[in-house]
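Proteins get letters first, then strands, A, B, ... in listed order; numbering begins at 1 in each.
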Protein chains: 2
Amino acid sequence: MGYQPNFFARTLSTPAQKQRSNLVAILVSDFSNPFQSYLFEVLSNTLQQHAKQPMLVNVKHEQDLDQAIMRLSGYQVDGVVAVAGSLAVEGFEQCLRLSLPLVTLGRADERGIISSVQTDNYQAGRLAAEHLLSLGLSKLGFVAGRNDGSASNERLLGFQHLITERLGEQALVLYANSYGYSAGFELAVRAIEAIRNLEGLFCASDALAMGVMDSCRNVSGIRVPEQLRIVGCDDVPQAAWQGYQLTTIAQPVGEIADTVMLKLNQIWQNQELAPTLTRLSPKLKVRRT
Amino acid sequence: MGYQPNFFARTLSTPAQKQRSNLVAILVSDFSNPFQSYLFEVLSNTLQQHAKQPMLVNVKHEQDLDQAIMRLSGYQVDGVVAVAGSLAVEGFEQCLRLSLPLVTLGRADERGIISSVQTDNYQAGRLAAEHLLSLGLSKLGFVAGRNDGSASNERLLGFQHLITERLGEQALVLYANSYGYSAGFELAVRAIEAIRNLEGLFCASDALAMGVMDSCRNVSGIRVPEQLRIVGCDDVPQAAWQGYQLTTIAQPVGEIADTVMLKLNQIWQNQELAPTLTRLSPKLKVRRT
DNA sequence: TTGAAAGCGCTACCAC
DNA sequence: GTGGTAGCGCTTTCAA
């Protein structure tokens with residue numbers, strides 16, 4: 001009959017372990033990154049489907065992180081999911097101190113203190129190489145993203161390993177130092193001579209790949225995919241746009257979100273639980289063959 | 001010294017009007033719409049800058065709306081901002097019944113019961129027409145978005161009015177029935193013969209415009225902008241990508257967010273306040289001249 | 001089965 | 001000033 005209990009009062013009264021606020025914070029550092037923004041969307045959807053209310057916390061500067069986490073604990077959130085694209089994992093230790101359940105995405109914790117869900121980036125690199133090699137291409141390159149995280153480096157590693165195994169030589173590496181569209185576009189302008197000699201190019205993100213593609217087509221007149229095959233990484237919704245039809249290594253976003261939910265539920269049910277790192281397999285998504 | 005008060009307990013104790021939860025809900029219906037997703041991002045940023053915690057509520061189906069609003073009131077949110085792209089304004093009356101401060105975006109309330117911030121869509125249409133006419137073009141068309149909201153229709157109205165005033169004739173209207181990229185792409189494939197005869201095309205959203213553009217360039221071989229000028233509407237971040245360089249009618253997103261903040265603050269300070277409708281002026285953003 | 005009371009964390013108020 | 005107390009809305013527990 002239209003009555004709505006006060007959730008605040010409820011959490012207040014109930015023995016902390018049994019009833020909860022059902023608030024889960026999603027920490028995002030860089031919304032302009034299409035993949036992070038996509039991940040946020042999927043994640044918040046999954047949370048809602050499990051009757052959790054997502055709270056968004058946008059942390060632009062690393063130094064705001066501690067304060068943001070404090071505020072979250074003030075809101076009695078049941079857990080924190082960190083889409084830690086450009087934030088160092090160490091910054092999240094505050095959560096542990098406050099014993100806030102925490103799962104990070106995007107950057108693994110080397111020390112095994114923090115639970116984390118990752119895409120297997122090494123395998124992603126191998127998949128990309130596998131695909132390009134299977135097309136009979138041999139002059140290959142890689143466009144690296146940010147250098148301060150492990151994602152781009154691991155993708156490169158997997159890519160190079162398979163290429164060295166099969167061809168006995170290394171791929172050319174170009175450094176964009178960012179995962180963004182513009183970085184890809186500008187890199188392709190700058191490094192056009194190197195790119196002209198390539199047959200296949202694996203980019204550390206879809207946005208990079210789209211930037212490179214646009215630059216090749218509209219600035220340098222390189223025909224994609226006829227003269228140059230480009231493979232992206234992430235599989236953001238835009239990669240499917242008919243203008244791009246980007247072949248890409250898809251991160252299993254749905255699976256990532258489900259795993260996050262699973263881990264949170266485990267922590268909630270089980271109080272004490274060793275932090276775990278889960279690596280999920282990426283999948284090759286071939287478009288425009 | 002690391003102590004964090006429990007916000008819940010605080011709201012509980014304090015005379016409702018003075019201290020608040022500082023939680024503001026953002027209701028979004030369609031995250032796949034790039035403009036809504038962009039608006040959400042800007043909005044949540046503005047809220048955070050005013051020390052408000054954004055809560056995301058994703059309402060896919062109209063029938064879930066009432067329940068979602070009930071839950072929000074259970075969380076004692078201080079206000080609700082509805083990005084009401086595909087939801088009818090009437091659905092939000094529940095907020096009024098619970099006397100939850102409410103501001104809607106994207107769809108105005110005809111009856112003046114609900115506060116709302118809008119871009120002046122009629123003016124947007126006029127601006128687009130003005131621009132195309134100033135380039136000396138006379139064979140003009142419009143790609144309509146969803147028909148159930150007023151946005152697309154008002155843009156069409158402004159567009160047609162100015163064209164009729166200046167040329168004494170009407171622009172061709174094509175119906176995509178959606179604001180999405182794919183709808184634009186497919187429409188341009190379907191209606192290619194009509195489009196071939198045009199010199200300028202105003203699309204009801206940037207995503208539509210990009211879809212049309214890609215279809216023209218990659219399927220039909222129409223050169224954009226040499227043979228056909230395309231003008232979008234919204235100014236999403238992607239419109240600036242070098243591959244598109246889309247001339248567009250920019251919604252004043254920053255101003256919209258600030259106005260929302262202003263209205264919420266007014267309501268909070270002033271208890272009773274007549275609902276107001278604010279129309280903000282769009283701006284022409286010329287790219288690739 | 002139903003009802004009354006205590007207590008969750010905090011703030012407001014009113015004595016002192 | 002400064003402490004002590006009541007009460008916010010709810011759940012849990014214990015008594016009738």
Main-chain N/O of [Y] paired to [X] side chain as donor or acceptor, under 3.5 Å:
{"X": "T259(A)", "Y": "E255(A)", "value": "yes"}
{"X": "Q118(A)", "Y": "R107(A)", "value": "yes"}
{"X": "K285(A)", "Y": "A239(A)", "value": "no"}
{"X": "T119(A)", "Y": "N121(A)", "value": "no"}

Worksheet item: When the C1' atoms of the five terminal pairs at each end define the local axes, what inter-axis angle does the helix from dT1(C)-dA16(D) to dC16(C)-dG1(D) show, to 10 degrees?
Response: 60°

Worksheet entry | E90(B), CD atom: more than 12 neighbouring heavy atoms under 6.0 Å | yes

Worksheet item: Of the options V117(B), L27(B), V83(B), I114(B), which is the one that meets T104(B) in a side chain to side chain contact (heavy atoms under 4.5 Å, CB included)?
Response: I114(B)

Worksheet entry | Whole-Å distance separating the CZ atom of F7(A) from the P atom of dT11(D) | 10 Å

Practice prompt. Determine the interplanar angle of the F8(B) and F8(A) rings, folded into 0 to 90°, and report it as parallel if under 30°, tilted if 30 to 60°, perpendicular if over 60°.
Written response: parallel

Fill in: Under 4.0 Å protein heavy-atom contact, by nucleotide of nucleotides 3-9 of chain C - B base, S sugar-phosphate only
----BBB

For a quick test of your reading: what N or O donor-acceptor pairs under 3.5 Å do the side chains of residues 58-74 of chain B make, sequence neighbours left out?
from	atom 1	to	atom 2	distance (Å)
K60(B)	NZ	N45(A)	OD1	3.2
E62(B)	OE2	A88(B)	N	3.1
S73(B)	OG	M70(B)	O	3.1

